[in-house]
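Presented below is the structure to which this report refers.
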Amino acid sequence: MIVPIKQIINKARQGRYAVGAFNTSNLEITLAIIRAAVKQKSPVIIQTSESAIDYSNLAIIFSIMTTVANTIGRAVPIAIHLDHGKNTKIVRECINIGYNSVHMDASDKDYATNIHLSKTMAKLAHQKKIWIQAELGSILGKEGMVKLETGEINMKDLLTDPYQAEDFVEKTQVDTLAVAVGTIHGHFRGIEKVDQVRLKKISQLVNIPIVLHGGSGLSPQTFKQAIKNGVSVINIDTNLRLAFKKALQNTVAKEGDIVDPRKTLNPATEAMQKEVEKMMRIFGSYNKA
Ligand code: G3H
Ligand code: 13P
Ligand code: ZN
């Protein structure tokens, strides 16, 4: 059942576990995420990026998420979130259509502009009684990785400064903060190193829930330590994409004569569900619905 995100995140913070925020862009991923939440009796955040909205259309994907959440997902708390909203037009549209939370990601702008945009959107979100996430520091993606490998970028320069985070939250009045502490968007096992000391310092100085992006590829121990150091929400996307692709390839390779898309997609949907369930157990959100 859709509930205010505040209810889900505050309970996780008090209970010292993290809630997973999983990316969707279609019916199958939405079913996988919500079926996993029901099976694990776990609260869950289901989120769309701007490109997912572009792929599926905002009204359609919002309708899919709310319908699945309020039917098969009615026994568990579910919130709908916009992930990495860089375009203020899309952020406003998500606020207006009924998302429970939006991410105003102006982390690639200068500090003053990031404050201005995050504060402006926070006011708008709060008028609708929903939550806003902002971001400080640079969480790298694939292009950033190339620059890292060629030595053009020093990872440390990109990480969130704890004292700046304290100032940022005070000035913007945002509800949750996405931080750059060494994770990278995508699956980079062995390369990502979470700066746990920095994370702990940020949590001590910033009295709002902390969101860890780029969760795919991190070890269970890293997640558990990050939760101890104050993380309440963990974003996962690539793990589901990998599970989907592997299962789909297996099905097509083994049963190439199948012509029913449902039979091709079912094993892939189940594989994503298993991945979400695995994350919920690591994050400690199971049996918390
Ligand atoms: O952090 C980014 C998310 O994984 C969304 O990626 O823009 O390809 O949908 P996307
Ligand atoms: P991963 O794809 O690395 O799991 O990151 C997801 C994310 O941070 C979405 O905002
Ligand atoms: Zn992210």
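Read the numbers this way: they start at 1 and go in the same order the structure lists the ligands and their atoms. The first residue of the sequence shown is numbered 1, and numbering continues consecutively from there. For the numbers below, each heavy atom of this structure counts, side chains included, while hydrogens, waters and symmetry mates do not.
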Give the single entry among His84, His81, His185, Gln133 that approaches atom 7 (C) of ligand 2 most closely by any heavy atom.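 When every heavy atom of His84, His81, His185, Gln133 is considered, His185 comes closest to atom 7 (C) of ligand 2.
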Test item: Gln40 side-chain N/O and Glu277 main-chain N/O as donor-acceptor pair under 3.5 Å: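 Checked: no pair found.
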For Asn207, I'd like to know if atom CG has over 12 heavy atoms of other residues, nucleotides or ligands within 6.0 Å.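 Count not over threshold, so no.
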Using a cut-off of 6.0 Å, state whether more than 12 heavy atoms not belonging to Tyr286 lie near its atom OH.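 Open: at most 12 neighbouring heavy atoms sit under 6.0 Å from OH of Tyr286.
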Mutual orientation of the aromatic rings belonging to His185 and His213 [parallel < 30°, tilted 30-60°, perpendicular > 60°]: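 Perpendicular, since the angle between the ring planes exceeds 60°.
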Would Gly186 count as a polar contact of ligand 2, with the cut-off being nitrogen or oxygen pairs under 3.5 Å?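 So ligand 2 has an N or O lying under 3.5 Å from an N or O of Gly186.
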Could you tell me whether some N/O pair between Asn239 and ligand 2 is separated by less than 3.5 angstrom?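 In this structure, Asn239 places no N or O atom under 3.5 Å from an N or O of ligand 2.
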Can you tell me which portion of Arg241 lies within the under-4.0 Å heavy-atom range of ligand 2? Options are side chain, backbone, both, or neither.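 No part of Arg241 is near ligand 2 at this cut-off.
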Tell me which part of Asp83 gets within contact of ligand 2: side chain, backbone, both or neither, using heavy atoms under 4.0 Å.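 Side chain only.
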As an exercise, state the distance from [atom1] of [X] to [atom2] of [Y], rounded to the nearest 0.5 Å.
| X | Y | atom1 | atom2 | answer |
| --- | --- | --- | --- | --- |
| Ile236 | Gln47 | CD1 | CD | 10.0 Å |
| His84 | Ser107 | NE2 | OG | 8.0 Å |
| Asp54 | Ile61 | CG | CD1 | 12.5 Å |

Do Asp167 and Tyr111 get their side chains close enough for a donor-acceptor pair, meaning under 3.5 Å?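 The criterion, which ignores hydrogens and geometry beyond distance, is satisfied for Tyr111 and Asp167.
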I'd like to check which ligand 1 atoms, numbered from 1 as shown, lie under 4.0 Å from a non-hydrogen atom of [X].
| X | result |
| --- | --- |
| His84 | 1 (O), 2 (C) |
| Asn23 | 3 (C), 5 (C) |
| His185 | 1 (O) |

Atom name of the N, O or S atom in His213 that lies nearest to the Zn ion (ligand 3):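 The nearest such atom is ND1.
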Just give me the atom name: the N, O or S atom of His185 closest to the Zn ion (ligand 3).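 This turns out to be NE2.
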Sub-4.0 Å heavy-atom contact, Gln47 with ligand 1: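 The answer is no: ligand 1 sits nowhere under 4.0 Å from a heavy atom of Gln47.
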For Ile139, is the nearest heavy atom under 4.0 Å from an atom of ligand 2?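 Heavy atoms of Ile139 never come under 4.0 Å of ligand 2.
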